[in-house]
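Here's the structure, in structure tokens; my notes come after.
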Amino acid sequence: MRSDVTLRPLDENRLLGLLNAAVADADPREVMPPVAGPGGWTAERKAAFLRFHHSRSLSAEPVETTYVIVVGETVVGAARLCPLEDAGHAVEAGVWIGRSHRGSGVGGAVFRHLLALARTAGFASLFVNTKPDNTAVHRLLAALDITPVRDGDAVTAWVDLAAAG
Ligand SMILES: CC(C)(COP(=O)(O)OP(=O)(O)OC[C@H]1O[C@@H](n2cnc3c(N)ncnc32)[C@H](O)[C@@H]1OP(=O)(O)O)[C@@H](O)C(=O)NCCC(=O)NCCS
């Protein structure tokens with residue numbers, strides 16, 4: 001596993017760096033909920049990105065914990081853990097990494113960090129929701145001997161944190 005990949009909790013100081021990384025190296029559709037209007041990083045979409053993280057992670061009552069993914073000292077993406085209500089002690093994982101940093105082991109390292117963070121926080125299982133064509137996520141799950149379940153256009157998996165390495 002790569003040792004130069006760290007997760008740092010998102011805060012106000014890191015939010016602008018995260019936006020800059022997203023604008024430079026990702027499509028808005030990969031990193032935030034859809035926003036109506038012309039494609040690309042419009043001013044509206046940049047503002048929505050900041051609002052999204054403020055409301056989800058930096059508000060007085062956050063619904064999830066977001067981490068900035070750092071390689072060396074470079075911000076390359078974000079990872080999140082969102083507790084799932086009505087699912088026991090379960091938490092949903094989410095990740096995006098800038099395009100120029102994909103396919104070189106960053107995602108694998110992030111996934112391992114998320115497993116460890118979720119376990120330390122006391123969760124029993126980690127939920128992953130992806131698409132049938134997301135080979136990288138399928139490979140990350142396969143490395144843990146997890147076979148995801150396909151239901152139409154959704155592919156989901158539950159990782160038992162007591163068992164996963
Ligand atoms: C999914 C994502 C986080 C994976 O991160 P990554 O840094 O590219 O992943 P890694 O380099 O650690 O690769 C993990 C595995 O996937 C494989 N892989 C990576 N990119 C791949 C690609 N485009 N096609 C096929 N396999 C791929 C790697 O070979 C590796 O498999 P291996 O360990 O068996 O060799 C990243 O691609 C991403 O941010 N995608 C856009 C957002 C997204 O889809 N998020 C996930 C939502 S659930």
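Start at 1 with the first residue, then count along the sequence. Order of listing sets the numbers, starting from 1, for every ligand and every atom in it. Quick caveat: nothing in here was measured; it's all calculated off a predicted structure.
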Could you pull out all donor-acceptor pairs under 3.5 Å where a side-chain atom in residues 40-48 meets a protein atom, sequence neighbours excluded?
residue : atom : partner : partner atom : Å
Trp41   : NE1  : Ala22   : O            : 3.4
Trp41   : NE1  : Ala26   : O            : 2.9
Thr42   : OG1  : Arg45   : N            : 3.2
Arg45   : NH1  : Pro38   : O            : 2.6
Arg45   : NH1  : Gly40   : O            : 2.6
Arg45   : NH2  : Val35   : O            : 2.7
Arg45   : NH2  : Pro38   : O            : 3.1

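Of the N and O atoms on the side chains of Asp160 and Ser125, not one donor lies less than 3.5 Å from an acceptor on the other residue. A donor-acceptor pair shorter than 3.5 Å can be found between the side chains of Arg2 and Ser104.
When side chains are defined from C-beta on, Trp158 does not count as touching Ile146, because their heavy atoms never get closer than 4.5 Å.
Near ligand 1, residues Val95, Trp96, Ile97, Arg102, Gly103, Ser104, Gly105, Val106, Gly107, Gly108, Asn129, Thr130, Asn134, Thr135, Ala136, Val137, Arg139, Leu140 each place a heavy atom inside the 4.0 Å sphere around the ligand atoms.
Ion pair Glu61/Arg56 not flagged as a salt bridge, since none of the NZ, NE, NH1 or NH2 atoms sits closer than 4.0 Å to an Asp/Glu carboxylate oxygen. Between Lys131 and Asp133, none of the side-chain N atoms (NZ, or NE/NH1/NH2) sits under 4.0 Å from a carboxylate O, so this pair counts as no salt bridge.
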